[in-house]
Amino acid sequence: MHELAVTEYVYNLVKKQADASGVSHVNKIHLLIGDQCDYVPEIIEEYLQVMSDGTALAGVKVDATVKESFVHCKDCGADFTRHQFKDVCPKCGSYNLKLNRCTDFIVKSIEAE
């Protein structure tokens with residue numbers, strides 16, 4: 001349910017840009033979503049469908065790229081996704097690790113007519 005607020009943000013941002021540019025129809029919205037956001041792109045798209053009925057965004061599709069968080073080994077400098085380790089660096093075996101959480105949520109671009 002937390003997708004509703006972010007969907008309203010996306011809708012308002014894209015609608016404002018479409019109106020200012022004289023766009024007749026927005027076909028697709030490209031998003032970059034950090035894996036720590038826990039947003040489900042399909043739910044965002046469903047909410048957009050409801051919000052955009054009768055507007056230039058009616059029928060808009062969402063293309064989302066999920067950006068993974070990564071772990072950095074402070075000893076050997078290796079970077080790897082948080083899913084590739086079990087509390088130790090897979091390269092050197094160090095426990096001196098830093099988790100870099102990806103909480104990005106970015107409207108990268110829109111495709112419009």
Side-chain angles (χ1 to χ4, degrees):
M1 186 67 156
H2 63 285
E3 282 88 353
L4 182 57
V6 77
T7 304
E8 288 174 337
Y9 165 78
V10 170
Y11 173 80
N12 290 329
L13 179 73
V14 173
K15 177 120 176 38
K16 182 178 177 181
Q17 185 63 42
D19 290 346
S21 300
V23 168
S24 62
H25 188 258
V26 176
N27 298 316
K28 192 177 283 188
I29 300 171
H30 297 273
L31 303 175
L32 176 68
I33 303 174
D35 66 348
Q36 295 294 294
C37 290
D38 291 329
Y39 294 132
V40 179
E42 294 81 12
I43 294 175
I44 293 171
E45 185 173 86
E46 285 179 30
Y47 282 149
L48 279 170
Q49 297 298 324
V50 173
M51 289 177 191
S52 64
D53 190 36
T55 73
L57 278 77
V60 69
K61 299 295 181 196
V62 171
D63 175 48
T65 302
V66 177
K67 184 177 176 183
E68 285 193 62
S69 297
F70 69 95
V71 178
H72 176 76
C73 178
K74 295 179 182 180
D75 290 333
C76 73
D79 290 321
F80 42 93
T81 67
R82 65 188 180 103
H83 301 290
Q84 293 175 313
F85 79 104
K86 301 287 186 233
D87 299 325
V88 301
C89 175
K91 186 173 178 184
C92 73
S94 173
Y95 290 94
N96 192 11
L97 306 172
K98 180 179 186 228
L99 174 61
N100 295 289
R101 297 180 188 271
C102 185
T103 58
D104 297 345
F105 186 88
I106 300 168
V107 177
K108 290 179 14 181
S109 64
I110 62 172
E111 292 178 24
E113 300 173 357

Between [X] and [Y], which heavy-atom pair has the shortest distance, and what is it?
{"X": "N27", "Y": "H25", "result": "OD1-ND1, 2.8 Å"}
{"X": "V26", "Y": "A18", "result": "CG2-CB, 3.9 Å"}
{"X": "R101", "Y": "S69", "result": "CA-OG, 3.4 Å"}
{"X": "T103", "Y": "C37", "result": "O-SG, 3.3 Å"}
{"X": "G59", "Y": "Q49", "result": "CA-OE1, 3.3 Å"}
{"X": "C92", "Y": "C89", "result": "N-SG, 3.4 Å"}

Same cluster or not: are [X] and [Y] linked, directly or through other Ile, Leu, Val, Met, Phe, Trp or Tyr residues, by side-chain heavy atoms under 4.5 angstrom apart?
{"X": "L32", "Y": "I29", "value": "no"}
{"X": "V23", "Y": "L13", "value": "yes"}
{"X": "Y9", "Y": "I33", "value": "yes"}
{"X": "F70", "Y": "L99", "value": "no"}

Spacing of [atom1] belonging to [X] relative to [atom2] belonging to [Y], to within rounding of 0.5 Å:
{"X": "L97", "Y": "D79", "atom1": "CG", "atom2": "CG", "value": "10.5 Å"}
{"X": "Q36", "Y": "N100", "atom1": "CD", "atom2": "CG", "value": "10.5 Å"}
{"X": "D38", "Y": "E3", "atom1": "CG", "atom2": "CD", "value": "8.5 Å"}
{"X": "Y11", "Y": "K16", "atom1": "OH", "atom2": "NZ", "value": "14.0 Å"}
{"X": "K61", "Y": "E111", "atom1": "NZ", "atom2": "CD", "value": "13.0 Å"}
{"X": "E8", "Y": "I44", "atom1": "CD", "atom2": "CD1", "value": "12.0 Å"}

Tell me, do [X] and [Y] make a side-chain contact under 4.5 Å, heavy atoms counted?
{"X": "Y95", "Y": "V88", "value": "yes"}
{"X": "I106", "Y": "K67", "value": "no"}
{"X": "V10", "Y": "F105", "value": "yes"}
{"X": "L31", "Y": "Y39", "value": "no"}

E45 side chain to V62 backbone, donor-acceptor under 3.5 Å: yes

Residue from L57, N12, L4 passing side-chain contact (heavy atoms from CB on, under 4.5 Å) with M51: L4

Among K28, K108, H30, the one residue meeting side-chain hydrogen bond (donor to acceptor under 3.5 Å, both in side chains) with D63: H30

